[in-house]
Number of protein chains: 2
Amino acid sequence: MNDSRPIRAKSGTNHEGTSAHNRRVMIDALRINGALSRADLARATWLTKQTVSNIIEELERDGLVSSQEAVRKGRGQPSTPYRLVPEGAFAIGLQIDRHVTRAVAVDLVGSVLVRAEAGLPPGGPSTGAKVILDLVTGVRSKLAAIVQQSETRLVGLGVAMPGPFGIDGSGDDPWMMEAWQKFPLLETLTAGTGLDVGLQNDAAAAATAERMVGAAHGLDHAICLFVGYGIGAGLILNGELYRGANGNAGEIGMALLFADGKSTPLEHRASLASLYQHLSADPADPDLHAHIDDLALRGDPSIEAWIEAAAADLRWSIHLIETIFDPQTVILCGSAPVALVNRLIAAIGPLQPSTAERRGRTLPRLQPGMADPWSVALGAAAGPISRAFDPHFAAILKDSR
Amino acid sequence: MNDSRPIRAKSGTNHEGTSAHNRRVMIDALRINGALSRADLARATWLTKQTVSNIIEELERDGLVSSQEAVRKGRGQPSTPYRLVPEGAFAIGLQIDRHVTRAVAVDLVGSVLVRAEAGLPPGGPSTGAKVILDLVTGVRSKLAAIVQQSETRLVGLGVAMPGPFGIDGSGDDPWMMEAWQKFPLLETLTAGTGLDVGLQNDAAAAATAERMVGAAHGLDHAICLFVGYGIGAGLILNGELYRGANGNAGEIGMALLFADGKSTPLEHRASLASLYQHLSADPADPDLHAHIDDLALRGDPSIEAWIEAAAADLRWSIHLIETIFDPQTVILCGSAPVALVNRLIAAIGPLQPSTAERRGRTLPRLQPGMADPWSVALGAAAGPISRAFDPHFAAILKDSR
DNA sequence: CTTATTAAGTCAATTGTCTTGACTTATTAC
DNA sequence: GTAATAAGTCAAGACAATTGACTTAATAAG
């Protein structure tokens, strides 16, 4: 009667899945290539002109694309290019960091329209939850004041915070994020905002941002090495962010390095946390960012030793990433001060020989990405936009909603 | 006139894509769960009973599934389970290794029906190509002698050989595979057999085999650490083998380890090549495999030191893999003698603490996979089967054929 | 033993989405 | 001025999943 081992199977699909995918493909094509005519879209997507026409018409009705002036380009009827309408959709992004929380509102093309920041009191979620919810609500209403219809076009709230997720705290977590991990954050935010809420770690968010508006734009295989308080990698594989079985893929900071006869997590050697320790600085100091920027810019000796050591570790990490993932490019980004990231990139070169050194490369092996305190919040917001509009396998399937 | 930067876009899909996907989903469900009724399939795939009926009927006509005796399981009409028909499809797998080449014929469910082996003369492709082609032809005709209609049901020829691919040889490649890399192998085999030919590296092939019939069966996130002449990882991510931008993902053997003040590729420390060197053995010796098996079984001191050192490196590798990929499980497999693999697994434990240590785990963090000289050839054959019958994103799209 | 209930599976009509092929429109090349 | 070329539309058609009623075959309940 009750044999019931559950049956595992992938979901099937139907007409709606087909249609949804084709809509996403159009949006993706316009995002990558800029404005395109219906004929261009048909050629690029392998769909018929008629199908493209139908979908474009529908997207235009939905306010997601709009036509531009016709362009003559040789013989034949002039083509009418269509472009993405930035105001076609919005998302809120929320970054929760150790001492600060940031929220942004972005549009369909990834422009930041509203940004707001707040300090996080040391009490953890018990006092911090209200701060966060207020911040989100504030950004949301500022967005509504700037653009009409933003509420109906809000596709979700993306949250980014340091991972890993779902791990039993070791008790000696030096970064105090453990309490946040245990707090039912997503449920609280869902209840408090009524929005679709998604979570990713900060490196994944940075990668999502790079893919939407940065160095990974249009790439299907790219790894973002994110240097923040910790260090992590955002994995873009087959054109999608890879999350792993439990959402913890890319937590490279915990990779072990052997040096001086002992093994140390990468994170303890190359991350802002390690720099703060090296400088005996207080991470909660609001002027620290500017101070480090200044030190890096001046090439202050107090920071040079750390840069050299961190660059060596990053050079190793990049080699490892190239070896394991075989990406089109590696992108170095972070919440670190810009000058520091620039110094790091300079100090990393030249890279180790690797399988990435191939004839016919068009992209550099290592590229600088965003180094902006707001990039993680932007990536957090890019999450819901991507989920709603980018083509991906799960979006075709029946059980995906 | 000629503005022509090429337009990049993902392919759209249509009814055929939908239908093809749903067929694959059925086959996948039967492969993972064993025989299932139409009603079971409908529930598991989210498709309607009617749709499932239509597809099953078609698959039965095509000889890919067949009904079993009806089973009564409580109230209601008895259900008729359907199972995969092993003889529904076949593929040839070819492994090209340094001194030997192996070919197998497998059926839809991954059973090996024919196997053949040949030594590879030292001359490289110039003399080896004929040996290989003859081996494949021999296996193919033996298959045809065993089962009728095998030729019409042959979905392809999968080739596995050591990677990485497409790299400019450094000239001092100690493994002599470079000449093979430059040889137009796929073209030669396509021309010589008329079959669809696909290529993967040996670790990827091992992972493909594990996924079809081994420890990764039914898993969507698993990493196979493959210890052979070199060492590599086969990456199963989101239910598919991940190849990277250039087909070289998982070449972990080139990852650098720091020890004794210098950096060494993992491959030089933990691989059969390093063991051969440790033992001053000749890799071309046909009795070497059995000899090492014997040494490992007896716990011979000449091999124990190597085992301890290699186990330490593998322990580190497993930690790294868990950290970076967040898989459901890690599988240790190889073309090494079984006793050696068993000794390695024993010597690896206990594993390092990692994010993989979570409550509610059901799978072991590390599992033994196949350690069989034929597993790579099997995986090579599993490649075409998987390409033809497993659900994956590319199979839905219009440009995939 | 009879009847109700439950579940598997089928039938026939319908719906949704892409495709096809002919057609219209607008422009440049000769 | 005419032919060639390309963008885009129209209307009918094809394909594959869906829907809801129906049939079949078993067990459970009275």
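In what follows, chains carry the letters A, B, and so on, assigned in the order in which the sequence lines appear, proteins first and then strands, with residues in each chain numbered from 1.
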Sugar-phosphate, base or nothing in reach of Arg23(A), heavy atoms under 4.0 Å: nothing
Evaluation steps, salt bridge (Lys or Arg N to Asp or Glu O under 4.0 Å), between Glu16(B) and Lys398(B): CA-CA 8 Å; Glu16(B) 290 175 42; Lys398(B) 290 188 76 180; over 6 Å; no
dA8(C) phosphate, OP1 or OP2, under 4.0 Å from Ser79(B) side-chain N/O: no
Any pair counted as salt bridge (charged side-chain N to carboxylate O under 4.0 Å, His left out), so long as it reaches residues 20-37 of chain B, sequence neighbours left out: Lys10(A)-Asp28(B), Arg23(B)-Glu58(B), Arg23(B)-Asp62(B), Arg31(B)-Asp390(B)
Lys73(A) NZ - dA7(D) P separation (whole Å): 6 Å
Nucleotide opposite dA8(C) in a Watson-Crick or G-U pair, distances under 3.5 Å: dT23(D)
Atom pair distance, as rounded to whole Å: CD in Gln68(B) and P in dG9(C): 13 Å
Whole-Å distance separating the CG atom of Asp40(A) from the C1' atom of dA6(D): 11 Å
Length of the NE2-P vector between His21(B) and dA17(D), whole Å: 11 Å
Ring centre gap for His221(A) and Tyr242(B) strictly below 6.0 Å: yes
Nearest-angstrom distance from the residue atom CZ of Arg38(B) to P of dT18(D): 16 Å
Rounded distance in Å - CZ (Arg75(A)) to C1' (dA6(D)): 10 Å
CD/Glu187(B): more than 12 non-hydrogen atoms of other groups inside 6.0 Å: yes
N or O in side chain of Ser37(A) less than 4.0 angstrom from dG8(D) OP1/OP2: yes
Contact letters for nucleotides 19-24 of chain C, in which S counts primed atoms plus P, OP1 and OP2 and B counts the base, heavy atoms under 4.0 Å: BB----
Whole-Å gap separating P (dA7(D)) and CD (Glu57(A)): 19 Å
OP1 or OP2 of dG8(D) under 4.0 Å from side-chain N/O of Thr80(A): yes
Pair Gln50(A)-Ser53(A), side-chain donor/acceptor within less than 3.5 Å: no
Among dA17(D), dA26(D), dA7(D), the one nearest Pro78(B) by side-chain distance: dA26(D)
Verdict with reasoning, Ile236(B) to Asp220(B), per side chain to side chain contact (heavy atoms under 4.5 Å, CB included): CA-CA 6 Å; Ile236(B) 291 164; Asp220(B) 283 341; 5.9 Å; no
Nearest-nucleotide comparison on DNA chain D, the residue closer to the 5′ end among Ala39(A) and Arg72(B): Ala39(A)
Thr18(A) and Thr18(B): side chain donor to acceptor below 3.5 Å: yes
Atom pair distance, as rounded to whole Å: OH in Tyr82(A) and P in dA7(D): 14 Å
Earlier contact from the 5' end, DNA chain D, for Gly76(A) and Ser53(A): Gly76(A)
